[in-house]
Amino acid sequence: MSQPPITTASGIPVADNQNSLSAGPRGPLLLQDFHLIEKLQHFNRERIPERVVHAKGSGAYGTFTVTHDISRYTKAKLFAEVGKQTATFARFSTVGGERGSADTERDPRGFALRFYTEEGNWDLVGNNTPMFFIKDPIKFPDFIHTQKRNPQSNLKSAEMMFDFWSHAPESLHQVTMLFSDRGTPDGYRHMDGFGSHTYSLINAEGQRVYVKWHFKTRQGIKNLSAEEAGRLAGSDPDYSQRDLFGAIERGEFPQWEVKLQVATEEQLDAWSTRTGWNPFDLTKVWPHGDFPLLPVGVFELNRNPDNYHAEVEQAAFSPANAVPGIGYSPDKMLQGRLFAYHDAQLYRVGTNHQHLPVNAARCPFHNQQRDGSMAINNGGAARNYANVVASGTAPGGMGHGEQGLALHGDAGRFDGRGAEDDYTQAGNLFRLLTPVGKQNLFDNLAGPLSQVRVETLQRQLAHFDRADSAYGDGVRAALQARGVQL
Ligand code: NDP
């Protein structure tokens, strides 16, 4: 394939891209070979810091189409009418592994969606699980460190993982999902996605409802057995990337149905009083029987990026990116992420990461943010300060005209753990598994649990017992089958 003539990054034609400039045919090389120097310098700087979490991922562009009217709940223009389409970008990922790690590891999968709306970018940065391991972001760095490598051995450590989980019973619900068959999905096309947090919607009257987002795969749920996932980790570590990229190249565009659970604050208060569960606790789901799924639309992925680094590696999502008509909730984990994601992108990609094409809004944008490195769109000659209005502004509500948020209680630090029920929902998940699914869960848990200290093991077994006695019994039997003395 013929290629255009090579130039330096500054556009200067390169005289020779095969032979360095040397003093005589045997060298040494001359410092004035600027093309060689620039080529090596740029090569040395090719990597940006990898994400601390969700480092290994795959991305694609697509389209979201509204199929059902939800304008009674939200004034967000992307939902204005049935049939309306919005351009999207999605990135799927594993969580704990490094950029070169295997796609098929047992791990939650990131499920990050961006909607390029006419009112700015809306990022819904979720997972393939509806719940999470912890409910307070102050524990997040500690939790993630237990999923990473031991500081001395540089090995992953079942002891570190279960030391954390066994001291944090609120993790049991997601631990159960992680070690079930859904902990090793067959690529990214055959899994559901969840916004996971409780979010809010605001309608044209400023009224707020709380919501949970669900994305149901139209490809059907498909999981890998633990053995197959392990085999693929060695033979095809980029399995999920290959599957997604290949399907889109072949024109087999994956689709997900977008669904919504909706509740007013009063409904959540009544539900919370009845069940004892906090509707803003990320370790819990809203049962479908209490809050049915409403259809909203469909999103499809139909275009592979041209350049992985520019478009997938540099994609910088933040759940703080919410357009008018879409809002946050008191969920403590969401509140932590509203800060942490943008902060991570400032460090990882840079001050002006929103100037990059994959991150840039596709609607007009205007503010007085200026300068910083790589300022591609720096406001031109426009004034670099905003009008300050001395009086007569009419502040109200939270942000885009929504009603004020009632606060409950004094500012302080609260530990609801212990008093809260962290077992029933984990038990509900266990009880809906098929007999084969239960046995796989027992076996998947027995592997790492056979490597932990006896105190850690006993503490974790007690949690399984409290969720369902058959759960604890099953894991014990699987451990005994591996020769573990109990
Ligand atoms: P439902 O019976 O109404 O829903 C069960 C949910 O569990 C469905 O979304 C189903 O997804 C999903 N599910 C089925 N098999 C598995 C599995 N092996 N691993 C993980 N999820 C599975 O029950 P409830 O709404 O009352 O919830 C019961 C339990 O189901 C919860 O405690 C929670 O652990 C789990 N769950 C609940 C969700 C929710 O938002 N309410 C979402 C996902 C899981 P599918 O339709 O794809 O089979």
Side-chain angles (χ1 to χ4, degrees), residues 59-92 111-126 192-218 253-263 293-303 305 311 315-329 334 337-338 341-342 354 357-367 397-403:
Y61 295 96
T63 314
F64 167 68
T65 308
V66 179
T67 56
H68 292 74
D69 181 21
I70 59 163
S71 59
R72 63 194 178 282
Y73 298 125
T74 178
K75 62 184 176 186
K77 288 190 178 153
L78 80 153
F79 299 113
E81 58 197 340
V82 171
K84 180 159 182 170
Q85 295 201 316
T86 300
T88 61
F89 179 76
R91 181 175 182 272
F92 307 120
F111 201 107
L113 293 180
R114 165 164 296 154
F115 300 77
Y116 297 97
T117 88
E118 69 233 71
E119 297 174 294
N121 290 350
W122 172 38
D123 291 352
L124 196 49
V125 195
D192 290 342
F194 301 89
S196 305
H197 299 287
T198 299
Y199 287 92
S200 54
L201 293 179
I202 300 104
N203 67 13
E205 283 73 53
Q207 295 157 333
R208 179 188 300 112
V209 288
Y210 287 105
V211 297
K212 287 204 183 259
W213 293 97
H214 300 249
F215 308 100
K216 307 290 279 184
T217 174
R218 278 191 168 169
F253 301 143
Q255 294 186 334
W256 283 261
E257 285 173 16
V258 178
K259 298 188 180 234
L260 198 58
Q261 286 175 296
V262 180
L293 292 181
L294 308 180
V296 176
V298 175
F299 86 85
E300 173 183 275
L301 298 179
N302 47 32
R303 181 163 68 88
E311 297 161 81
F317 293 88
S318 169
N321 290 336
V323 297
I326 293 175
Y328 312 135
S329 84
L334 173 61
R337 295 177 77 213
L338 296 180
Y341 273 62
H342 185 64
Q354 289 112 322
V358 69
N359 298 322
R362 297 191 184 170
C363 62
F365 52 94
H366 173 77
N367 58 45
M398 294 283 293
H400 297 287
E402 71 237 60
Q403 67 195 40

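For the numbers below, each heavy atom of this structure counts, side chains included, while hydrogens, waters and symmetry mates do not.
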ask   = NE2 of H197 to NZ of K212: how many Å apart, nearest 0.5 Å?
value = 8.5 Å
query = Any side-chain heavy atom of T65 sitting closer than 4.5 Å to one from E300?
reply = no
request  = Mind telling me whether F299 and W256 have parallel, tilted or perpendicular rings, with 30° and 60° as the class edges?
outcome  = parallel
remark   = So CD of Q85 and CZ of F64: to nearest 0.5 Å the spacing works out to 10.0 Å
request  = Flag the pair L293 / L260 as yes when at least one side-chain heavy-atom distance between them is below 4.5 Å, and no otherwise.
outcome  = no
task = State the CD1-CZ distance between I326 and F79, to the nearest 0.5 angstrom.
result = 5.0 Å
request  = With the side chain counted from C-beta on, respond yes when R218 and V298 share a heavy-atom pair under 4.5 Å apart, and no when they do not.
outcome  = yes
request  = Write out all pairs satisfying salt bridge (Lys or Arg N to Asp or Glu O under 4.0 Å) with one or both partners inside residues 63-74, taking only residues at least two apart or from two chains.
outcome  = none
task = Enter the distance from H214:NE2 to E257:CD here, rounded to the nearest 0.5 Å.
result = 13.5 Å
ask   = Just by modelled atom types, is the Y341 backbone N or O under 3.5 Å from a matching donor or acceptor in the S318 side chain?
value = no
query = Under a 4.5 Å cut-off applied to non-hydrogen side-chain atoms, are E119 and L78 in contact?
reply = no
ask   = Which one of V296, V262, T74 satisfies the side-chain contact (heavy atoms from CB on, under 4.5 Å) criterion with V211?
value = V262
query = Taking all atoms of both residues into account, what is the closest heavy-atom pair of A60 and P305, and its distance?
reply = CA-CD, 4.0 Å
note = Here the gap from F194 atom CZ to K259 atom NZ, rounded to the nearest 0.5 Å, amounts to 12.0 Å
task = May I ask you to decide if A315's main-chain N or O and R114's side chain share a donor-acceptor pair within less than 3.5 Å?
result = no
key: pair T63-N302: side-chain heavy atoms closer than 4.5 Å   = yes
ask   = For the residue pair A320 and Y328, what are the closest heavy atoms and their distance?
value = O-OH, 2.6 Å
inquiry  = Nearest 0.5 Å, please: how far is CG in N203 from CD in Q403?
reply    = 8.5 Å
ask   = Would you say E311 and Y61 make side-chain contact, with heavy atoms under 4.5 Å?
value = yes
query = Do side-chain atoms of Y116 reach the backbone of C363 as a donor and acceptor pair under 3.5 angstrom?
reply = no
query = Side chains of F92 and F111: closer than 4.5 Å at any heavy-atom pair?
reply = yes
query = Side chains of F115 and V323: does their closest heavy-atom pair fall under 4.5 Å?
reply = no
